[in-house]
K.L.:
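Starting off with a structure, shown below.
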Amino acid sequence: MRLGLSVLLLSLTRSCWCVPQQQTCHPGDEFLGRCSNSVAGDKPTCTELNLGYCNDMEYSSTIFPNILGHQSRLDAESGAEYLLLSVIHGLLNGECSPEIRLLGCSVLASPCKDGKMIKPCRSTCDALRKDCAHAFESIDMAWPYFLDCDRFFASDQEGCVDPLAGLKARQELEMSSHFHDEPSTIIQFTYTSNTQMYSLLKRTAAKCSQISHVYSIGRSTEGRDLLVIEFSKNPGQHELLEPEIKLVANMHGNEVLGRQLLVYMAQYLCSEYLLGNQRIQTIINTTRIHILASMNPDGYELAASEGHLLNGWTNGRTNAQNLDLNRNFPDLTSIFYRNRRSRHYRIDHIPIPDAYWFGKVAPETYAVMKWIRSLPFVQSASLHGGDMVISYPFDFSRHPQEERMFSPTPDEQVLKQLARTYADAHETMSNNDTERCGANFYRTRGIINGALWYSFAGGMSDFNYLHTNCLEITVELGCDKFPSEAELYPEWKRNKEALLSFMESVHRGIKGVVTDLDGNRIKGATISVRGIKKDVTTAEDGDYWRLLNPGTHILTATAKGYSRVSKRVYLPHNLNKAGRVDFLLEKVPIEPDIDDHLFPTVDTWERFDPYNQFERFREPDAREGGIERQEKPWWWNYFSQSGISPPNWLLRSV
């Protein structure tokens with residue numbers, strides 16, 4: 001229906017949004033007195049404003065002929081311009097409404113005083129066109145001809161009327177009466193469609209272009225953007241020693257609360273930064289924040305079509321290929337368990353086994369893996385629904401036959417503290433109320449080791465931990481996966497402080513730069529902590545971050561071809577920012593690495609889809625033709641489960 005309406009409007013645009021052929025003088029030129037289409041004796045007069053879609057204007061009289069040359073109210077109502085105003089709200093999915101309608105009415109029925117027309121203000125038109133450009137772009141529609149800001153609007157010096165003045169005054173009054181603690185930040189607590197979400201994020205980034213921008217990390221199975229909005233004092237690039245954090249939601253399409261909270265958080269960060277909120281400015285000026293509000297927009301589309309009341313526990317959970325995205329990542333945890341007792345086996349940056357690529361890899365998973373590998377994320381939160389608790393890795397049990405078994409990582413204490421940060425800042429998650437949602441976890445104050453809760457392989461949090469430097473927690477926001485709209489504002493209040501506290505918590509532990517004696521920064525150097533068998537590596541610029549709890553730590557930095565340097569560091573309990581610990585390494589002759597002999601493998605961290613399996617055999621788009629995905633070869637399960645890479649001759653045979 002929407003497509004048909006758009007076609008109708010486009011045809012009307014071509015046929016009607018032009019100067020009537022019988023006129024020789026353009027209405028705009030006529031208004032300026034350059035020429036006239038009037039019949040002798042005609043005289044423009046003020047008349048009562050009586051256009052159905054324009055009767056809520058701030059004035060009561062208008063004038064005909066109007067700016068567009070309509071001679072009467074009936075002419076105006078029968079024009080394509082008036083038809084567009086009647087459907088613009090639906091076309092733009094509620095975006096820029098009622099502003100666009102009011103602006104259009106100010107052209108169709110401009111105010112009249114003392115027998116003279118008062119044109120609408122050009123500055124109002126210019127501002128609205130800029131703010132609403134994203135909404136028109138999202139439906140491939142041009143800015144309407146009759147809202148040409150240069151042609152049909154006047155400057156302040158010429159004398160004009162602001163058609164949005166009354167609306168702005170009412171919004172300011174509502175804001176002051178309902179939001180005493182946040183007097184200038186207004187958020188509409190409703191659900192957003194995928195189109196609305198994209199538009200809202202783009203609009204937010206445009207409003208705060210000096211600290212924000214949006215980018216896509218890929219597309220879903222059905223071709224929808226996986227859109228990220230970033231906040232930083234220098235958006236678009238990594239800054240030395242500035243930690244990077246990501247927030248991901250809607251991995252399961254029917255778990256929708258996290259998606260909305262992150263959309264609200266993006267608006268909140270932008271607005272509060274501009275308003276001078278010192279806390280928000282500090283967070284953004286010292287942190288690079290990436291927000292992926294919907295990792296599974298296809299699943300959300302299905303869940304939203306059923307709505308809050310009809311949506312079941314699983315409808316829309318998976319992607320359009322019926323894959324559970326939180327079971328679709330490489331199972332590196334099993335590889336870790338098999339090798340954890342080896343003295344020389346490194347458990348950081350475990351490579352993805354080549355055999356993984358011969359399975360069914362979702363485009364959403366593929367995109368997120370590339371994203372995770374491309375930026376030096378320090379910590380992350382994945383927002384879900386179905387219970388109220390924070391879980392942390394490992395999610396896969398150290399004994400495959402045990403469904404509920406405590407399975408800690410080497411960073412157990414740090415991850416536990418990350419989970420504690422969110423739970424304690426949440427309004428109810430850590431209290432001892434045994435009647436509330438999440439009461440099963442009141443003894444642990446709202447946090448739990450993932451595998452102790454229930455075990456599963458192929459999860460995103462375990463992948464983050466074992467493949468990168470990033471520590472990720474899973475936030476279960478509540479027992480209702482698809483709460484009613486009435487619950488959105490209360491949930492925002494419960495979670496806002498927790499989200500902000502989590503962002504701030506990335507400034508914990510130590511950070512620094514590793515260089516050689518010539519001042520060259522060393523990429524890929526390892527930073528180890530005595531007693532924690534999990535290292536972090538330096539990023540492209542030689543900088544690193546290591547989340548640590550207060551106390552005394554022995555740190556060691558090294559890199560291939562360089563010396564090993566150790567330092568003793570004390571982190572006090574009252575330290576509210578990461579301590580700076582730099583390392584200076586001296587070049588030394590390269591000696592054979594024992595790992596090269598004990599663990600010969602073709603798998604290295606740099607290998608990502610080395611045989612281009614994903615691109616060659618990805619699931620065809622629902623809107624396209626395409627080949628069927630190749631069946632897994634008979635030997636795939638053996639190599640996938642063992643974590644051993646198949647020999648090259650076998651891979652080439654596929």
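Note that these values count all heavy atoms, side chains included, but never hydrogens, waters or copies made by symmetry. These figures come from a predicted structure and were not determined experimentally.
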K.L.:
Kindly compute the distance separating OH (Y273) from CD (Q278), expressed to the nearest 0.5 Å.
P.N.:
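Here the interatomic distance stands at 12.0 Å.
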K.L.:
Is the backbone N or O of T428 less than 3.5 Å from a side-chain atom of R436, with the two atoms forming a donor-acceptor pair by type?
P.N.:
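Yes, R436 side chain to T428 backbone: donor-acceptor pair under 3.5 Å.
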K.L.:
Can S505 and T421 be counted as having a side-chain donor-acceptor contact under 3.5 angstrom?
P.N.:
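There is no such pair between these side chains.
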K.L.:
Less than 4.0 Å between a side-chain N and a carboxylate O, is that true for K233 and E242?
P.N.:
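Salt bridge: yes.
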K.L.:
Begin with the C-alpha distance, continue with both residues' side-chain angles, and end with the deciding distance and a verdict on side-chain contact (heavy atoms from CB on, under 4.5 Å) for Y268 and I280.
P.N.:
CA-CA 9 Å; Y268 181 80; I280 300 305; 3.8 Å; yes
K.L.:
Hey, which of D535, I510, V513 is the one that makes side-chain contact (heavy atoms from CB on, under 4.5 Å) with Y544?
P.N.:
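Running side-chain contact (heavy atoms from CB on, under 4.5 Å) over D535, I510, V513 with Y544 returns exactly one hit, I510.
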K.L.:
How long is the gap from OG on S374 to NZ on K370, to the nearest 0.5 Å?
P.N.:
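Rounded to the nearest 0.5 Å, the OG-NZ separation comes out at 9.0 Å.
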K.L.:
Using atom types as modelled and distance alone, determine if a side-chain donor or acceptor of S455 lies under 3.5 Å from a backbone N or O of S397.
P.N.:
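Flag set: sc S455 to bb S397 pair under 3.5 Å.
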K.L.:
Check step by step if side-chain contact (heavy atoms from CB on, under 4.5 Å) holds for Q379 and L547.
P.N.:
CA-CA 9 Å; Q379 72 183 45; L547 298 180; 3.5 Å; yes
K.L.:
Keeping E472 on the side-chain end and S382 on the backbone end, is there a donor-acceptor pair under 3.5 Å?
P.N.:
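Not a single qualifying donor-acceptor pair exists.
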K.L.:
Have W371 and Y366 got a donor and an acceptor in their side chains that come within less than 3.5 Å?
P.N.:
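No, no side-chain donor-acceptor pair sits under 3.5 Å.
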K.L.:
Are Y337 and F394 an aromatic pair, judged by ring center distance below 6.0 Å?
P.N.:
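Yes: the rings meet the under 6.0 Å criterion.
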K.L.:
Measure the spacing between CD of E272 and CG of L500 and express it to the nearest 0.5 Å.
P.N.:
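Here the rounded value is 9.5 Å.
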K.L.:
Measure the spacing between OG1 of T333 and CG of D395 and express it to the nearest 0.5 Å.
P.N.:
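Here the rounded value is 8.0 Å.
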K.L.:
So which of K246, R288, H290 actually passes side chain to side chain donor-acceptor pair (under 3.5 Å) with E230?
P.N.:
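When K246, R288, H290 are each tested with E230, the side chain to side chain donor-acceptor pair (under 3.5 Å) holds only for R288.
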K.L.:
Is the shortest side-chain N to carboxylate O distance from D582 to R521 below 4.0 Å?
P.N.:
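Looking at D582 and R521, the cut-off is not met.
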K.L.:
Does T287 use its side chain to pair, donor to acceptor, with the backbone of I283 at less than 3.5 Å?
P.N.:
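Yes, the answer is positive, given that a donor and an acceptor are paired below the 3.5 Å cut-off.
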K.L.:
Is the H553 to Y570 ring centre distance short of 6.0 Å?
P.N.:
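Not under 6.0 Å, so no.
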K.L.:
Quick check against the 3.5 Å criterion: does N234 have a side-chain atom that pairs as donor or acceptor with the backbone of N285?
P.N.:
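It does not hold such a pair.
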K.L.:
Does any N or O in the side chain of S334 come within less than 3.5 Å of the main-chain N or O of D331, such that one atom is a donor and the other an acceptor?
P.N.:
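No, S334 side chain to D331 backbone: no donor-acceptor pair under 3.5 Å.
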K.L.:
Rounded to the nearest 0.5 Å, what separates atom CD1 in I289 from atom CG in L247?
P.N.:
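Here the interatomic distance stands at 7.5 Å.
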K.L.:
So H238 and E244, side chain to side chain donor-acceptor pair (under 3.5 Å) or not? Walk me through it.
P.N.:
CA-CA 8 Å; H238 172 71; E244 308 217 14; 2.7 Å; yes
K.L.:
So, does N449 use its side chain to make a donor-acceptor pair with the main chain of S391 at under 3.5 Å?
P.N.:
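Side chain of N449 to backbone of S391: no pair is present.
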K.L.:
What distance do E255 atom CD and Y300 atom OH have between them, rounded to the nearest 0.5 Å?
P.N.:
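Those atoms lie 13.5 Å apart.
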K.L.:
Parallel, tilted or perpendicular for W492 and F189, by the 30°/60° rule?
P.N.:
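It falls in the tilted class, 30° to 60°.
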K.L.:
Go through it in stages, so that I can follow the logic: the residues are I532 and R546, the test is side-chain contact (heavy atoms from CB on, under 4.5 Å), and I'd like the CA-CA distance, side-chain angles, deciding distance and then a yes or no.
P.N.:
CA-CA 11 Å; I532 302 178; R546 188 52 164 105; 3.3 Å; yes
K.L.:
Is the centre of the F463 ring less than 6.0 Å from the centre of the Y465 ring?
P.N.:
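Ring centres of Y465 and F463 not closer than 6.0 Å.
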K.L.:
Would you call D298 and R224 a salt bridge, using N to O less than 4.0 angstrom?
P.N.:
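The answer is yes: the pair qualifies as a salt bridge.
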K.L.:
Between Q196 (side chain) and S193 (backbone), is there a donor-acceptor pair under 3.5 Å?
P.N.:
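Pair found, side chain donor or acceptor close to backbone of S193.
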K.L.:
For a side-chain contact (heavy atoms from CB on, under 4.5 Å) check, start with the C-alpha distance between T556 and F583, then their side-chain angles and the critical distance, and finish with the verdict.
P.N.:
CA-CA 9 Å; T556 300; F583 289 92; over 6 Å; no
K.L.:
Taking K202's backbone N and O only, do any of them form a donor-acceptor pair with T204's side chain (distance below 3.5 Å, no angle check)?
P.N.:
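It does not hold such a pair.
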K.L.:
Would you mind checking if R445 and D424 are paired as a salt bridge, meaning a charged N to carboxylate O distance below 4.0 Å?
P.N.:
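Yes, this pair counts.
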K.L.:
Taking R317's backbone N and O only, do any of them form a donor-acceptor pair with N296's side chain (distance below 3.5 Å, no angle check)?
P.N.:
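Yes, N296 side chain to R317 backbone: donor-acceptor pair under 3.5 Å.
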K.L.:
Who pairs with C470 by disulfide (SG to SG under 2.5 Å), at least two apart in sequence or on another chain?
P.N.:
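C470 satisfies disulfide (SG to SG under 2.5 Å) with no residue once adjacent residues are dropped.
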K.L.:
Between H384 and H252, what is the ring plane arrangement, given parallel below 30°, perpendicular above 60°, and tilted in between?
P.N.:
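Perpendicular, since the angle between the ring planes exceeds 60°.
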K.L.:
Going by an N to O cut-off under 4.0 Å, is there a salt bridge joining K493 and E427?
P.N.:
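Looking at E427 together with K493, the answer is no, because their closest N to O distance does not fall below 4.0 Å.
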